[in-house]
Every structure is written in C-alpha cells, then in structure tokens.
Q: 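Dropping the structure in here first, questions after.
As a basis for the values below, the full set of heavy atoms in this structure was taken, side chains included, without hydrogen atoms, waters or symmetry mates. Numbering of ligands and ligand atoms starts at 1, following listing order. Owing to the predicted nature of the structure, the values given are computational and were not obtained by experimental measurement.
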Amino acid sequence: MIVVMKPFATKEQIENVERRLTSLGFKTHPIYGEVKTVIGAIGDKSRVDASSLSHMPGVEAIVPILKPYKLVGRELKKEPSIIEVGKGVAFGGKELVVIAGPCAIEGEEQLYKVAKAVKKSGAKILRGGAFKPRTSPYSFRGLEEEGLKLLHQVKQDLDLLVITEVVDTRDVELVSRYSDILQIGARNMQNFRLLSECGKTSKPVLLKRGLSSTIEEWLMAAEYIMNEGNESVILCERGIRTFETATRNTMDINAVAVVKELSHLPIIADPSHGTGNWKYVSAAARAFVAAGADGLIIEVHPDPQNAASDGPQSLKPEVFDELMQALKPIAQAVGRSI
Ligand code: PEP
Ligand code: MN
C-alpha cells in the first residue's frame, strides 16, 4: 500500500509513520516530493488495520497498490526514474545513452580497437562479455576474470564507463569490482537468486527481457532487484521467441510504450540480439529510438567474420558510426538528443 502524507508533512511525522510500518512488518520505501511525500509499504497488509495508520498525524490517505509489482510500477512513483551510472551519464533523461562493444572480450587488441571506435562515434558505455552464456558448452565462453581486467584497463585508459554480464551469484562481487553496470542476460531473467544478489549491490543493473517472458514477468524480475534496496534498474528489450525464423528473435516494439505506461524505469533496446543480423540492426535501432526508448545496446566488432561470438549480428565500426549519425535527427524529432 501507499501512505500518502499531507502536503508539507514534517520529517518527524514521516519518520513516525515509517517506524509504525516497520513495527507492523512492512518494508518502507519513502519517495520525497517537493510538496508531498509518499511512503511505499511492502508487506502483508492483511494483518494490518489500515485505518489505524490513517489517524496518524500528517497522513492524508492510504491507497492500495493493485499491481503485483509494487516498487517498479507507476502507482507508487509517478515520475520517470533517471538512473545515473557515472560521469554524467544517465538513463531515462533527455539524452539517449548508447552502449556499444563486442559480444565477447577476445583480447587486448580487439577491445582497444573497438572501444576507441565506439567512443569516437559517441557511445558512452563500452560493453564486452567476460562470462558468456552460450547455447553450446563447446562454444567460446569468455575470458572470465582476465576479460574483466581487460575491460577495467580499457575503461581507465579511455575514460569510458563499462558494462558486462554476470551469470552466477558467486560472481556478483567479482563483476561488481570491475564493471560500472551489472548486466543480467535474457537466460537469467528469472534466476531469482541472481536478481536478489544484484539487488544487494549498489551497482546499476541492466535487466534484459527473458526469451519467452511476458512484460509482467519481466517487471516482476525487476521487482526482485528493487526489493533488495537497489533502485537503479534499467530494462532492456532484446527480442522474444516467436514462430518467425527470418530473424533470430522478434523485437517487441510495443514493449517500450507498455513499459513506459506501467513503470517509471528506463527501457533501452538491443537490436543486435533482437534481429541477429547486422543488416537489420540499424532499422530496428532507429525504430526503437522513434518509439521512445531511452537508449540502445549494440554489438560492434572490428572483424565480425572472425568474431568469437555473435559475429553475424555485429556491426563494423564504420557501420556503427553511420548509425549514430542517422539516429541524431530521429532523436531530435522525439525531443531527445544523442
Ligand atoms: C549479450 O548481450 O551478449 C547477450 C548474451 O544477450 P542476451 O542475454 O540478450 O541474449
Ligand atoms: Mn551477444
């Protein structure tokens, strides 16, 4: 439920209500507005007589949260969340954020080459997988900690933010040491232990949509992270499984508008995994920016033909640069900048 405080309720009144809620077994999530403060109370409300709270000084109203996702939803927080990830880069603001880089970190030369190129083209965050979830156990599964160290070295040398995927609860602390953002991949969207572990960190989390997940399941996965106290969640539409085989996945462009209505969290798009084919990446990227996505994550490789993973969907640096140029007028047309 939501406890709506009266305009200009005092700090003491707010604290008293929080204390009362805590004593009743609720987790409290206050959202301080300039005039009004609301307190999200998450817990079992069947044991509580809400009218006892409505008599407390400073309380205006008690409103139930109807949706199953309480912290992620718009019922509790009306304004869009802006997720700061460092160096003045934020998801959900006016400026779109583009993440780019290879699917997997293969070595120093490859990573520097691609990092320099994507930075020059305007990407703010470098991506690169060190732990790769692969369909076949015989495929390249990443350089693991050696890859994380390379990513961190490039981050410092080139002054870029970095993101990499964490696939196991045992690695959350390790990956957090090297990466600015924790990526949770499609295959792990419902790995609830992993979601909770990432929720206990102070790192922003990029949560990709599961291969066959509904939007509600995806938002509930985000709720797992937020329920542990980490409010910095960025959603990522990366295509879902349908009957269509012409592309690797089917990108759900509707998800942008639906998520924006249901949630205050930012949403970005991954047209690389969404299409699986570099030829279609640009069209999908442009469409998602036009639809109101808050950013993009794109695979770029200096030599896609010889990439260790996801070469067919990786853009060459010059093609990525063309895309970045093409996105500018589209961003402008929807009131954003890039
Ligand atoms: C990736 O970003 O390289 C990746 C494995 O993505 P997804 O989890 O969306 O398949
Ligand atoms: Mn990939």
Q: Please assess Lys155 against Asp180 for the test side chain to side chain contact (heavy atoms under 4.5 Å, CB included), listing each intermediate value before the final yes or no.
A: CA-CA 10 Å; Lys155 163 191 161 67; Asp180 297 299; 3.0 Å; yes
Q: Please write down residue, atom name and distance for the protein heavy atom closest to atom 4 (C) of ligand 1.
A: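 In this structure, atom 4 (C) of ligand 1 has His273 NE2, 3.3 Å as its nearest protein heavy atom.
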Q: Would you say the side chains of His273 and Gln313 form a donor-acceptor pair under 3.5 Å?
A: yes
Q: Is the closest side-chain donor-acceptor distance between Lys200 and Ser196 under 3.5 Å?
A: no
Q: Would you say the side chains of Gln190 and Tyr224 form a donor-acceptor pair under 3.5 Å?
A: no
Q: Measure the distance from atom 9 (O) of ligand 1 to every protein heavy atom, then report the residue, atom name and distance (to 0.1 Å) of the closest one.
A: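 Ranking protein heavy atoms by distance from atom 9 (O) of ligand 1, first comes Arg238 NE, 2.6 Å.
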Q: Which residue and non-hydrogen atom of the protein lie closest to atom 6 (O) of ligand 1, and at what distance in Å?
A: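 Scanning the protein heavy atoms, the shortest distance from atom 6 (O) of ligand 1 goes to Lys208 NZ, 3.0 Å.
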Q: Please report which non-hydrogen protein atom sits nearest to atom 5 (C) of ligand 1, along with the residue it belongs to and the distance in Å to one decimal place.
A: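 Of the protein heavy atoms, Glu165 OE1, 3.8 Å lies nearest.
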Q: Would you check the N or O atoms of Gln183, main chain and side chain alike, for any that come under 3.5 Å of an N or O of ligand 1?
A: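 Gln183 vs ligand 1: N/O contact under 3.5 Å present.
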Q: For a side chain to side chain contact (heavy atoms under 4.5 Å, CB included) with Ile298, tell me which candidate from Pro271, Ser282, Ser314 qualifies.
A: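 With Ile298 as partner, side chain to side chain contact (heavy atoms under 4.5 Å, CB included) holds for just one option, Pro271.
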Q: In sequence, state the C-alpha distance, the side-chain angles, and the governing distance for Glu15 and Lys11, and then conclude on side chain to side chain contact (heavy atoms under 4.5 Å, CB included).
A: CA-CA 6 Å; Glu15 281 171 2; Lys11 190 163 172 279; 3.2 Å; yes
Q: Can you sort out which atoms of ligand 1 are near Cys103, meaning under 4.0 Å from one of its heavy atoms?
A: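 Heavy-atom distances to Cys103 below 4.0 Å select 3 (O).
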Q: Restricting to N/O/S, name the atom of Glu299 that gets closest to the Mn ion (ligand 2).
A: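 Among the N, O or S atoms of Glu299, the one closest to the Mn ion (ligand 2) is OE2.
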Q: Any idea which protein heavy atom is nearest atom 2 (O) of ligand 1, and the distance to it?
A: Arg127 NH1, 2.8 Å
Q: Hey, does Gly129 sit under 4.0 Å from ligand 1 if you only count heavy atoms?
A: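 Judged by the 4.0 Å heavy-atom criterion, Gly129 does not count as contacting ligand 1.
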Q: Tell me yes or no: between the side chains of Glu18 and Thr28, is some donor less than 3.5 Å from an acceptor?
A: yes
Q: Which residue holds the protein heavy atom closest to atom 8 (O) of ligand 1, what is that atom called, and what is the gap in Å?
A: Ala186 N, 2.7 Å
Q: Among the heavy atoms of Arg209, does any lie under 4.0 Å from an atom of ligand 1?
A: no
Q: Out of the N/O/S atoms in Asp310, what is the name of the one closest to the Mn ion (ligand 2)?
A: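 It is OD2, the N, O or S atom of Asp310 closest to the Mn ion (ligand 2).
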Q: Does a side chain donor of either Gln13 or Asn16 reach within less than 3.5 Å of an acceptor in the other side chain?
A: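 No pair is found: no donor N or O on one side chain lies under 3.5 Å from an acceptor on the other.
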Q: Identify, by atom number and element, the atoms of ligand 1 in contact range of Gly185, meaning under 4.0 Å from any of its heavy atoms.
A: 8 (O)
Q: List the steps, then state whether side chain to side chain contact (heavy atoms under 4.5 Å, CB included) holds for Trp218 with Met220.
A: CA-CA 5 Å; Trp218 186 19; Met220 289 309 289; over 6 Å; no
